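Here's the structure, in structure tokens; my notes come after.
The figures that follow rest on heavy atoms only: side chains count, while hydrogens, waters and symmetry mates do not. Because the structure is a prediction, the values reported are computed rather than measured.
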Amino acid sequence: MTPPSFCNSLSTESPWQPLCVVAIGYTMVYGILRLINFAHGDVLMMGCYFAFYVALIFSLPWWVSFPIAILLTALLAL
């Protein structure tokens, strides 16, 4: 991914935007601490699981399950 397309994916609504934000988080943590921290991926994975299971168990549409998953993920991150 070239730098212009990377910056473009961050500024627009693209499907790559969450992955780009996670990649920036990895880069910042590794660049500052020289230590790989996989917590970003874990939080992203739990958010996806929450959205999937809330939609599946409660038979909710995806646009309702996403805000619920965001709240559950934020509570988990505390």
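- The shortest non-hydrogen separation linking V64 to L60 is CG1-CD1, 3.9 Å.
- For residues 51-78, the pairs satisfying ring pair (Phe, Tyr, Trp, His ring centres under 6.0 Å) are W62-F66, with sequence neighbours left out.
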Let me check something: any side-chain donor-acceptor pairs from residues 69-78 under 3.5 Å, sequence neighbours excluded? List them with distances.
unit_1: T73; atom_1: OG1; unit_2: A69; atom_2: O; d: 2.7

